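Please read the structure below before turning to the comments.
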Amino acid sequence: MGLKIFMDGQLIEEDQAKVSVFDHGLLYGDGVFEGIRSYNCLVFRLGAHVDRLYRSAEGIRLEIPMTKEEMRMRTIETLKANNIADGYVRTIITRGVGDLGLDPLKCAKPSIIIIAHKISLYPDEFYEKGLKIITAKTRRNSSFALPPTIKSLNYLNNILAKIEATDAGTEEALMLNVEGYVSECTGDNVFMIKNGKLITPLIESGALEGITRRAVMDIAEIKGMKVEEIMMRPEDILSADELFLTGTAAQIVPVIELDGNKIGRGNVGEMTKNLIEDFRVLTKTDGEKYAL
Ligand code: PXG
């Protein structure tokens, strides 16, 4: 039996969960989404994910036809219906069915889709050995065009950079904004550690306000580390002691090389290892609980 998908008010079988060819989500990438994780029946920072989903929707003038509270409830209901304790949830809001023209006002009603899936973990090797990444030539979308704070269904900007990473034989690509400052990777935020200080690009550099980013900053502050958000230059990264990426799916992944240049000693840093462990502990307590 396939998955049970929440779609437009009800849970339906995976093979029945279909989107119209006239949905503006498909035609134009007109919609928003979230990627959420549950750990042993605890949905990590569900409230923050739901808040960001509604902020993204507001950013594209899309009104989600559901309250935030119901959205949280439906997320948990979908996890439960699929008997998933450790999972990855993809919530998608599309503009809905319209005609072939651009006008979003012709779309009658946004579509709400929640997919709860078992988590497919990244290979252990990523965490043990660290990633080698490149700097993409593709620049991060300008806030004046499509603000990177909006988690929209239009991810071509990120996908183009991801293709560059794949072409270079690497897993990830660092993206700069049009001014040449570091913004983020294709689906992860970026952090460096220098002289014991945790440093990450300002959201204004063209980064998504990552939930994992926030959690890592919280952990660091509790540990008494100095945390700074800056306009980061690529050369700052080359002088870092440690470098890592954060995201809901990947959590915290060490990076050991950028464009063939070693970061620090070229191995996974001790402070990164500590943060990985602290984050693992946090996911055991910080979340919305449900029972299967
Ligand atoms: N930046 C971007 C552009 C993202 O899409 C993050 C940062 C990290 O945010 P969170 O809140 O997850 O800590 C994301 C989130 C993938 C994938 O397959 C990743 C995301 C979305 C969709 C797919 O790696 N990322």
Side-chain angles (χ1 to χ4, degrees), residues 25 29 31-39 43-56 59 75 87-93 113-123 126-127 131 133 136 138-143 145-166 170-177 181-191 200-220 229 232 243-253 255 275-276 279-280 282-283 286-287:
V32 295
F33 77 103
E34 269 303 317
I36 308 170
R37 188 121 172 223
S38 80
Y39 296 88
V43 189
F44 188 70
R45 300 204 167 176
L46 177 57
H49 279 287
V50 169
D51 285 346
R52 187 173 67 186
L53 180 69
Y54 281 70
R55 273 205 310 279
S56 293
T75 306
Y88 182 80
V89 176
R90 176 60 55 91
T91 307
I92 306 148
I93 318 290
I113 302 164
I114 305 174
I115 308 165
H117 214 278
K118 290 234 164 64
I119 183 83
S120 56
L121 296 172
Y122 288 90
F126 279 24
Y127 302 92
L131 296 184
I133 66 172
T138 306
R139 294 292 173 99
R140 191 76 180 100
N141 279 333
S142 158
S143 304
L146 178 58
T149 47
I150 298 173
K151 203 164 162 59
S152 85
L153 289 181
N154 197 318
Y155 255 48
L156 267 181
N157 181 225
N158 315 56
I159 288 168
L160 289 177
K162 188 81 173 180
I163 290 168
E164 289 188 53
T166 309
T170 60
E171 274 84 24
E172 256 302 345
L174 184 71
M175 298 185 79
L176 311 180
N177 66 16
Y181 289 101
V182 175
S183 54
E184 57 182 343
C185 283
T186 67
D188 305 278
N189 291 109
V190 59
F191 282 89
T200 193
L202 278 158
I203 295 304
E204 290 72 23
S205 321
L208 182 76
E209 266 190 273
I211 309 292
T212 321
R213 174 184 183 273
R214 181 73 259 162
V216 166
M217 289 165 78
D218 291 347
I219 290 171
E229 295 174 89
M232 189 183 282
L243 187 69
F244 63 84
L245 314 180
T246 65
T248 293
Q251 301 178 312
I252 299 174
V253 200
V255 176
L275 288 169
I276 289 173
F279 185 78
R280 202 181 61 81
L282 186 71
T283 58
D286 191 340

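Only a predicted model underlies this, so the values are computations on that prediction, with no experimental measurement involved. Just follow the structure's listing: the first ligand is 1, and inside any ligand the first atom is 1.
Residues satisfying the side chain to side chain contact (heavy atoms under 4.5 Å, CB included) test with N157, not counting sequence neighbours, are T138, R140, N141, M175.
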What does the N/O contact table under 3.5 Å look like for ligand 1?
{"unit_1": "ligand 1", "atom_1": "1 (N)", "unit_2": "E184", "atom_2": "OE1", "d": "2.6"}
{"unit_1": "ligand 1", "atom_1": "5 (O)", "unit_2": "K151", "atom_2": "NZ", "d": "3.1"}
{"unit_1": "ligand 1", "atom_1": "5 (O)", "unit_2": "Y155", "atom_2": "OH", "d": "2.5"}
{"unit_1": "ligand 1", "atom_1": "11 (O)", "unit_2": "R52", "atom_2": "NH1", "d": "2.8"}
{"unit_1": "ligand 1", "atom_1": "11 (O)", "unit_2": "R52", "atom_2": "NH2", "d": "3.0"}
{"unit_1": "ligand 1", "atom_1": "11 (O)", "unit_2": "I211", "atom_2": "N", "d": "2.7"}
{"unit_1": "ligand 1", "atom_1": "12 (O)", "unit_2": "T248", "atom_2": "N", "d": "2.9"}
{"unit_1": "ligand 1", "atom_1": "12 (O)", "unit_2": "T248", "atom_2": "OG1", "d": "2.5"}
{"unit_1": "ligand 1", "atom_1": "13 (O)", "unit_2": "I211", "atom_2": "N", "d": "3.3"}
{"unit_1": "ligand 1", "atom_1": "13 (O)", "unit_2": "T212", "atom_2": "N", "d": "2.9"}
{"unit_1": "ligand 1", "atom_1": "13 (O)", "unit_2": "T212", "atom_2": "OG1", "d": "2.6"}
{"unit_1": "ligand 1", "atom_1": "25 (N)", "unit_2": "K151", "atom_2": "NZ", "d": "3.2"}
{"unit_1": "ligand 1", "atom_1": "25 (N)", "unit_2": "G187", "atom_2": "O", "d": "3.4"}

Q: Using the side-chain hydrogen bond (donor to acceptor under 3.5 Å, both in side chains) rule, take T186 and E172 through it: C-alpha gap first, then chi angles, then the decisive distance, then the call.
A: CA-CA 7 Å; T186 67; E172 256 302 345; 2.8 Å; yes

Q: Tell me, with the steps shown, if R90 and Y88 meet side-chain hydrogen bond (donor to acceptor under 3.5 Å, both in side chains).
A: CA-CA 7 Å; R90 176 60 55 91; Y88 182 80; 3.0 Å; yes

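A salt bridge links R214 with D218; the closest basic N to acidic carboxylate O contact falls under 4.0 Å. Salt-bridge check for K151 with E209: failed, with every basic side-chain N at 4.0 Å or more from each acidic carboxylate O.
Ring pair F279/F44 is perpendicular by interplanar angle, where above 60° counts as perpendicular and below 30° as parallel.
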